[in-house]
Amino acid sequence: MLYTITPSEMMRVERRMLEGSGTPALTLMERAAAHLADAALPYLRGGGRLLLLCGFGHNGGDGIAAARMLMGRLPAMQTTVWRLAGAPSPQTAAQWERLKAYAGRMTVVTPEEAVPGAPAGTACVIDALFGTGLNRPLGGIVLAMVKSINASGLPVVAADIPSGLNGNTGYPPEGGGGDSVIRADVTVTFHRPKIGLFLGDGLDFCGRVAVGDIGIGPAWDDAPGMALLGPGDSLLPPRRHNTNKGTYGRVLVLAGSWGMAGAAALSATAALRTGAGLVTVACPEGVVSTVQALCPCATCLPLPETDTSAAWERLQKALGKADALVAGCGLGQETFAAELIKRLIPWLCEHPLPTVLDADALNLLASWSRVRADADDAPDVPIPQRQPGAVHLPDWVTLTPHPGEAARLLGWPVERVTADQPS
């Protein structure tokens with residue numbers, strides 16, 4: 001299992017390791033470059049030129065070192081460098097010195113007013129313009145470079161992150177558009193994957209993400225991060241042979257409505273596929289046949305749509321037998337759904353049942369928060385409050401909003417939500 005890291009935390013961890021261990025910064029750069037060269041090599045083995053887009057920061061140094069390594073491995077390979085104007089960092093300057101041994105096989109261009117087309121015979125592009133610390137949109141000659149490469153259709157290997165992508169949010173910095181980010185086929189990120197690679201539009205720009213170990217051991221890395229499942233990872237322990245479906249938990253799914261029965265079936269199918277032994281869908285009587293046809297491995301609990309008190313009584317009995325609950329998917333926001341969710345929230349506050357609230361359950365919560373804030377027409381069933389306009393939910397309840405639902409819950413514009421994702 002991998003864990004993401006923010007760009008600022010990566011800088012802190014790297015600095016901590018360098019200062020604490022005495023490892024030269026150039027050593028880390030060489031290790032990063034070796035992974036970058038490995039990723040580019042398959043595109044170049046059959047012959048062809050390397051085009052390196054090179055900035056003046058550490059990202060540029062990674063690219064220069066990778067180009068040197070590739071020319072060492074492929075004696076016939078030629079390299080063209082599009083170099084940004086500016087004073088290089090000390091480590092990047094040192095990499096330029098090391099590259100002089102291959103000067104006879106290199107063409108270095110510093111575009112200032114116009115970007116030349118990619119040289120004939122180019123087989124691979126290494127993007128080492130900007131790293132994860134970029135916080136401004138690309139413009140001028142740099143933007144022209146990015147657009148030229150994106151239009152070329154050439155395979156691109158990006159160093160750490162595609163240039164122009166915000167390493168925290170997975171979007172271009174404010175003011176930049178989708179055409180202002182390199183579209184990579186492979187992104188080689190170093191030590192730990194940056195969180196922006198997996199948020200927003202990150203994966204659309206990054207292509208395949210490879211993580212290169214550069215020698216920062218666990219002793220130096222105390223940064224938190226989001227867990228990522230990789231090939232071979234599993235959250236479920238192996239099942240014992242002498243067991244039955246009752247051994248593996250009961251999930252109750254409160255979902256579905258007329259026209260949205262598929263949401264209930266999808267939720268139930270997901271619960272079964274992730275290991276639940278028994279799944280029961282509590283849904284309006286009118287959609288039971290549809291849910292059972294779509295998800296025959298789940299059982300159904302028909303809820304009378306015209307008598308919410310009877311429906312709640314039936315649901316409450318099922319809640320007492322469940323090991324986990326999912327509520328809200330395709331449930332709607334009409335009287336039937338609203339009455340059940342209004343009764344469910346106080347019940348959950350008194351019963352530690354692991355619960356996921358999604359979709360219409362969240363939309364109903366958001367509407368009641370606004371009602372409470374206005375102190376007018378509050379729901380009949382008391383909703384636990386900590387402050388006016390806020391619904392208090394216990395720790396065993398998890399909310400899974402998409403950006404629009406989160407915006408309604410928080411009272412924010414959607415743009416603010418997408419700009420403030422987990423980091």
Side-chain angles (χ1 to χ4, degrees), residues 199-200 251-274 276 279-288 290-295 298 300-303 305 308 311-312 315-316 318-319 322-349 353-372 379 381 383-384 390-418 420-422:
L199 295 178
V251 175
L252 180 63
V253 179
L254 173 59
S257 60
W258 185 254
M260 295 293 289
L266 286 171
S267 300
T269 301
L272 289 165
R273 289 184 177 179
T274 50
V279 176
T280 298
V281 180
C283 59
E285 290 174 327
V287 300
V288 166
T290 304
V291 173
Q292 291 198 308
L294 293 172
C295 187
C300 277
L301 176 66
L303 300 177
E305 300 172 60
T308 52
W312 169 247
L315 179 66
Q316 193 172 7
L319 287 168
D323 298 305
L325 169 69
V326 179
C329 305
L331 194 62
Q333 299 178 54
E334 303 303 323
T335 301
F336 173 81
E339 290 297 325
L340 289 181
I341 296 298
K342 277 192 284 188
R343 286 168 170 78
L344 177 65
I345 298 303
W347 188 93
L348 288 174
C349 291
L353 177 67
T355 297
V356 173
L357 296 182
D358 188 40
D360 288 318
L362 303 180
N363 293 327
L364 287 166
L365 281 176
S367 68
W368 295 333
S369 289
R370 290 194 295 273
V371 167
R372 289 274 166 163
V381 178
I383 305 296
V391 175
H392 168 52
L393 296 171
D395 293 341
W396 51 84
V397 175
T398 299
L399 308 185
T400 55
H402 61 54
E405 292 161 353
R408 287 188 282 276
L409 286 166
L410 295 167
W412 290 2
V414 174
E415 294 75 17
R416 183 179 175 188
V417 173
T418 57
D420 189 27
Q421 297 181 81

Run through Leu364, Thr400, Leu365 and flag the one making a side-chain contact (heavy atoms from CB on, under 4.5 Å) with Leu357.
Leu365
Specify the closest pair of heavy atoms between Glu285 and Glu305, including all atoms of both residues, with the distance to one decimal.
N-OE2, 3.6 Å
State, yes or no, whether a side-chain contact exists between Leu353 and Val397 at a heavy-atom distance under 4.5 Å.
no
Rounded to the nearest 0.5 Å, the CG atom of Leu340 sits from the CG atom of Asp360 at a distance of 12.5 Å
First locate atom SG of Cys329, then atom CG of Asp358, and finally report the distance between them rounded to the nearest 0.5 Å.
4.5 Å
Quick one, Val251 with Leu272, criterion side chain to side chain contact (heavy atoms under 4.5 Å, CB included). Give me CA distance, side-chain angles, the key distance, then yes/no.
CA-CA 9 Å; Val251 175; Leu272 289 165; over 6 Å; no
If you take all heavy atoms of Pro401 and Leu409, which pair is closest and at what distance?
CB-CD1, 4.3 Å
Nearest heavy-atom pair of Ala322 and Leu252: which atoms, and what distance?
CB-CB, 3.9 Å
After noting the C-alpha distance and the side-chain angles of Ile345 and Leu393, does the key distance pass the side chain to side chain contact (heavy atoms under 4.5 Å, CB included) rule?
CA-CA 8 Å; Ile345 298 303; Leu393 296 171; 3.8 Å; yes
Between the side chain of Thr398 and the main-chain N/O of Val356, is any donor-acceptor distance below 3.5 Å?
no
Counting only heavy atoms not in Gln316, do more than 12 sit closer than 6.0 Å to its CD atom?
yes
For the residue pair Val253 and Ala264, what are the closest heavy atoms and their distance?
CG1-O, 4.4 Å
Can you find a pair of side-chain heavy atoms, one from Trp258 and one from Pro284, that are under 4.5 Å apart?
no
Scanning both residues in full, the closest heavy-atom pair of Ala327 with Ala361 reads O-CB, 3.6 Å
Test item: Leu331 and Ile341 side chains (from C-beta on) under 4.5 Å apart, heavy atoms:
yes
Atom CG of Leu410 and atom CD of Glu405: how far apart are they, to the nearest 0.5 Å?
12.0 Å
Step-by-step side chain to side chain contact (heavy atoms under 4.5 Å, CB included) determination, Val291 to Cys283:
CA-CA 9 Å; Val291 173; Cys283 59; 4.3 Å; yes
Do Trp312 and Glu339 come within less than 4.5 Å of each other through their side chains, counting heavy atoms only?
no
Would you mind telling me which of Thr280, Val281, Leu303, Val326 makes a side-chain contact (heavy atoms from CB on, under 4.5 Å) with Leu254?
Leu303
Interatomic distance, CH2@Trp396 vs CG@Leu348, rounded to 0.5 Å, equals 8.5 Å
Would you give the length of the straight line joining atom CG of Leu315 to atom OG1 of Thr308, rounded to the nearest 0.5 angstrom?
11.5 Å
Identify the two heavy atoms, one from Ala406 and one from Val417, that lie closest to each other, and give their separation to 0.1 Å.
CB-CG1, 3.9 Å
